[in-house]
K.L.:
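Here it is: the structure, laid out below.
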Amino acid sequence: QVQLVESGGGLVQAGGSLRLSCAASEGTFSQYAIGWFRQAPGKEREFVGAINRSGSNTYYADSLKGRFTISRNNAESTVYLQMNSLKPEDTAVYYCSAQKVLSDYRSGHPIDYWGQGTQVTVSS
């Protein structure tokens, strides 16, 4: 089992950048692929991207490729979501999640673990 805690959300102007963190407070972090999702008001939760256990492979939603980058530091049990060129439509609560393998995110496997989320607001 793993417990996930997101941080780094806040208010940013359009065109700006923000880096979110997802830290594991319990569990063996390096044994999980980590994924990011987001949910805007009135919309369904959508996949942002994911990274495999070693950090050697990533997978992104097509619409976000080039602006968002996921990385991880297993020594610090932390995964990062770097968001650049932010737009007002990126406003959402961002959640990190954990699965056993990266392919679970590709296949739509039900998420094993969720964090509590962090709010990102992009002003125009």
Side-chain angles (χ1 to χ4, degrees):
Q1 190 170 1
V2 63
Q3 292 192 358
L4 305 172
V5 180
E6 302 94 335
S7 61
L11 175 64
V12 63
Q13 288 188 335
S17 297
L18 208 57
R19 189 178 78 162
L20 306 183
S21 299
C22 172
S25 60
E26 292 185 15
T28 307
F29 187 73
S30 61
Q31 293 183 355
Y32 294 92
I34 301 296
W36 288 93
F37 289 77
R38 68 183 185 182
Q39 188 166 19
K43 296 188 177 180
E44 293 187 355
R45 192 171 297 189
E46 67 170 339
F47 175 73
V48 172
I51 190 165
N52 67 346
R53 288 177 286 187
S54 68
S56 63
N57 194 14
T58 52
Y59 166 55
Y60 298 96
D62 288 342
S63 61
L64 298 174
K65 284 181 181 177
R67 292 197 300 124
F68 288 16
T69 303
I70 298 173
S71 60
R72 71 188 294 161
N73 183 332
N74 284 340
E76 296 183 353
S77 298
T78 303
V79 166
Y80 303 99
L81 175 64
Q82 178 68 43
M83 304 184 293
N84 298 326
S85 302
L86 284 163
K87 306 173 182 179
E89 51 264 43
D90 293 318
T91 295
V93 177
Y94 283 72
Y95 299 88
C96 68
S97 63
Q99 297 269 47
K100 279 298 185 180
V101 291
L102 184 62
S103 59
D104 284 346
Y105 287 103
R106 295 180 185 273
S107 66
H109 187 278
I111 300 298
D112 293 328
Y113 304 103
W114 289 103
Q116 85 289 349
T118 186
Q119 175 71 46
V120 171
T121 302
V122 184
S123 64
S124 58

K.L.:
Treating Ile, Leu, Val, Met, Phe, Trp and Tyr as nodes and any side-chain heavy-atom pair under 4.5 angstrom as an edge, say whether Val2 and Leu102 lie in one connected cluster.
P.N.:
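The answer is no; the residues belong to distinct hydrophobic clusters.
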
K.L.:
Is the charged tip of Arg19 near the ring of Tyr80: under 6.0 Å from the six-membered ring centre and within 45° of its axis?
P.N.:
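So Arg19 does make the cation-pi contact.
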
K.L.:
If the threshold is 4.0 Å, N to carboxylate O, is there a salt bridge linking Lys65 and Asp62?
P.N.:
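A salt bridge is present here (some side-chain N lies under 4.0 Å from a carboxylate O).
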
K.L.:
With the side chain counted from C-beta on, respond yes when Thr118 and Val93 share a heavy-atom pair under 4.5 Å apart, and no when they do not.
P.N.:
no

K.L.:
If only atom types and distance count, is the side chain of Arg72 paired as donor or acceptor with the main-chain N or O of Asn52 below 3.5 Å?
P.N.:
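Checking the backbone N and O of Asn52 against the side chain of Arg72, a donor-acceptor pair under 3.5 Å is found.
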
K.L.:
Would you check if the side chain of Ser124 reaches a backbone N or O of Pro88 as a donor-acceptor pair within less than 3.5 Å?
P.N.:
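No; zero donor-acceptor contacts below 3.5 Å.
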
K.L.:
Any chance you could measure Ser85, atom OG, to Phe68, atom CZ, to the nearest 0.5 Å?
P.N.:
9.5 Å

K.L.:
Is it possible for you to say whether Ile70 and Met83 belong to one hydrophobic cluster, with membership spreading through side-chain heavy-atom contacts below 4.5 Å?
P.N.:
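Yes, one cluster joins them.
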
K.L.:
So Val79 and Phe29, do their side chains get closer than 4.5 Å, heavy atoms only?
P.N.:
yes

K.L.:
Between Ser63 (side chain only) and Ala61 (backbone N and O only), is there a donor and an acceptor less than 3.5 Å apart?
P.N.:
no

K.L.:
Do Tyr113 and Ile111 make a side-chain contact, defined as non-hydrogen atoms from C-beta onward lying under 4.5 Å apart?
P.N.:
no

K.L.:
To the nearest 0.5 angstrom, please state how far the CG atom of Leu4 sits from the CD1 atom of Ile34.
P.N.:
5.5 Å

K.L.:
What pairs with Arg53 under side chain to side chain contact (heavy atoms under 4.5 Å, CB included), at least two apart in sequence or on another chain?
P.N.:
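Expected list: Val101.
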
K.L.:
CG/Asp90 to CZ/Arg67 distance, rounded to the nearest 0.5 angstrom?
P.N.:
4.0 Å

K.L.:
Taking the side chain from Arg38 and the backbone from Glu46, do they hold a donor-acceptor pair closer than 3.5 Å?
P.N.:
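No, the answer is negative, given that no donor and acceptor are paired below the 3.5 Å cut-off.
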
K.L.:
Examine the side chains of Asn84 and Gln82 and answer whether a donor and an acceptor come within less than 3.5 Å of each other.
P.N.:
yes

K.L.:
Just wondering, do Ile51 and Asn57 contact through their side chains at under 4.5 Å, heavy atoms?
P.N.:
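With C-beta onward as the side chain, the pair stays apart.
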
K.L.:
Does Gln99 use its side chain to pair, donor to acceptor, with the backbone of His109 at less than 3.5 Å?
P.N.:
yes

K.L.:
Side-chain contact, heavy-atom cut-off 4.5 Å: Leu18 with Val120?
P.N.:
yes

K.L.:
Between the side chain of Tyr105 and the main-chain N/O of Trp36, is any donor-acceptor distance below 3.5 Å?
P.N.:
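No; judged by distance alone, with no hydrogens or angles, the pair does not exist.
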
K.L.:
With hydrophobic residues grouped by side-chain heavy-atom distances under 4.5 Å, do Tyr95 and Leu64 end up in a single group?
P.N.:
no

K.L.:
Side-chain contact, heavy-atom cut-off 4.5 Å: Thr121 with Val12?
P.N.:
no

K.L.:
Please enumerate all residues that pass ring-ring contact (aromatic ring centres under 6.0 Å, His included) together with Phe47, with sequence neighbours excluded.
P.N.:
Phe37, Tyr59

K.L.:
Quick check: do Leu81 and Val48 have side-chain heavy atoms less than 4.5 Å from each other?
P.N.:
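The answer is yes; the side chains approach within 4.5 Å.
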
K.L.:
Say whether, by atom type as modelled, one donor and one acceptor occur between the side chain of Asn74 and the main chain of Ser77 under 3.5 angstrom.
P.N.:
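Not a single qualifying donor-acceptor pair exists.
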
K.L.:
For the backbone of Cys96 and the side chain of Glu6, can you confirm whether one donor and one acceptor N or O come within less than 3.5 Å of each other?
P.N.:
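Checked: pair present.
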
K.L.:
Do Leu11 and Ser123 touch side chain to side chain, with heavy atoms closer than 4.5 Å?
P.N.:
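In short, these two side chains touch, coming nearer than 4.5 Å.
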
